[in-house]
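Here's the structure we're looking at; comments come further down.
All of these numbers come straight from a predicted model, not from anything done at the bench. Counting starts at 1 for both ligands and their atoms, in listed order.
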Amino acid sequence: MTDTIYQQLREHLHHLKLTAVADQLAPALEHAERERPGYTQFLHDLLTHEVTAVEQRRLQGRLRFAKLPARKTLEQFDFSAQPNLDRRIVADLATLRFIEEKANLLLIGPPGVGKTMLATALGHRAVEAGYRVYYTTAADLVARTAKAAIEGRWATTMRFWNGPQLLIVDELGYLPLAADAASHFFQVISRRYEHGSIVLTTNRHIADWGAIFDDTTVAAAILDRLLHHATVLSINGDSYRMRAHRDAIASLRPAITGGEFS
Ligand code: ADP
Ligand code: MG
């Protein structure tokens with residue numbers, strides 16, 4: 001018995017790996033029987049299923065690759081908690097023009113002010129817009145690079161750090177970097193210079209970077225490349241983390257003190 005044209009069509013779809021079209025074929029045909037769309041419309045609607053499915057798969061792939069620590073969005077960011085932060089600058093960054101321009105962003109401030117949140121929210125936005133993004137901490141970046149150097153994978157690792165269109169380097173400065181680590185860090189930064197964007201967060205003001213790298217020459221060389229095309233946002237407000245704790249403590253206080261002092 002020869003295959004019906006419907007069976008052949010299904011085989012074609014599987015052969016071409018058009019799985020979303022294959023899944024939607026029966027309902028799409030039923031719908032077409034009823035609604036009688038034009039040929040072009042029918043084909044368009046059917047292929048749209050495949051395009052959506054492919055885009056969704058790629059988005060999930062980019063998201064997995066990016067290793068972003070948490071799902072944070074810019075809409076969740078409470079600007080009233082950071083009155084000195086210019087929301088127009090953040091809105092401009094959110095257009096992701098800086099990635100097109102291969103420019104950088106430095107987020108400087110004490111712990112808890114939302115540096116990681118802003119960095120990851122921009123990262124998510126970039127992933128959704130189709131950019132390759134990768135998140136790492138500075139400590140992890142230098143540890144992996146040092147390991148790669150020892151294991152003879154230096155070139156591969158450098159290519160890896162150079163791959164994403166946006167590299168997020170979180171928490172520079174919490175630990176000082178030894179001379180080797182500083183030099184590795186410098187090489188990652190200088191290879192990405194004018195090639196791909198970096199969003200870097202740090203608790204140290206630029207003037208103190210000599211202390212992170214234990215070497216003012218390396219610090220100056222790194223800053224030179226980072227700052228050439230960069231937005232620098234200093235966030236100096238109160239810690240949002242501490243604020244939440246303060247509110248929690250404050251709400252407990254009447255119970256603790258019996259309201260005596262309130
Ligand atoms: P940092 O990286 O500067 O130490 P985080 O980004 O980790 O700070 O922020 C600490 C916590 O407080 C996170 O859960 C973050 O989502 C939240 N947070 C910080 N600032 C804000 C803000 N302005 N609006 C909403 N949540 C915030
Ligand atoms: Mg952080």
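Close approach to Pro111 involves these atoms of ligand 1, each under 4.0 Å from a residue heavy atom: 4 (O). Residue Gln76 approaches ligand 1 through these ligand atoms, each under 4.0 Å from one of its heavy atoms: 24 (N), 25 (C).
In terms of polar-atom proximity, defined here as any N/O pair under 3.5 Å, Phe77 makes no such contact with ligand 1. On a distance-only criterion, Gly114 and ligand 1 share at least one N/O pair closer than 3.5 Å. Residue Lys115 has at least one nitrogen or oxygen atom sitting less than 3.5 Å from a nitrogen or oxygen atom of ligand 1, judged on distance alone.
Two rings, from Phe213 and Phe186, have their centers 6.0 Å or more apart.
Considering CG of Leu118 and CG of Leu233, their distance stands at 7.5 Å, rounded to 0.5 Å.
Under a 4.0 Å heavy-atom criterion, Gly112 is in contact with ligand 1. Under the 4.0 angstrom criterion for non-hydrogen atoms, Val113 is in contact with ligand 1.
The residue from Leu200, Asn162, Val188 that alone fulfils the side-chain contact (heavy atoms from CB on, under 4.5 Å) condition with Leu167 is Val188.
Sorted by first and then second residue, the side chain to side chain donor-acceptor pair (under 3.5 Å) pairs involving residues 85-95 (not counting sequence neighbours) are Asp86-Arg88, Asp92-Arg97.
Phe77 is not listed as a side-chain neighbour of Val90, based on a closest heavy-atom distance of 4.5 Å or more.
Residue-level proximity to ligand 1 for Lys72 is carried by the side chain, the only part with a heavy atom below 4.0 angstrom.
Backbone or side-chain N, O or S atoms of Thr116 reach the Mg ion (ligand 2) at under 2.8 Å.
Salt bridge absent: Lys17 and Glu50 never bring a charged side-chain N and a carboxylate O closer than 4.0 Å.
Taking a 6.0 Å sphere around NE2 of His229, one finds it holds more than 12 heavy atoms contributed by other residues, nucleotides or ligands.
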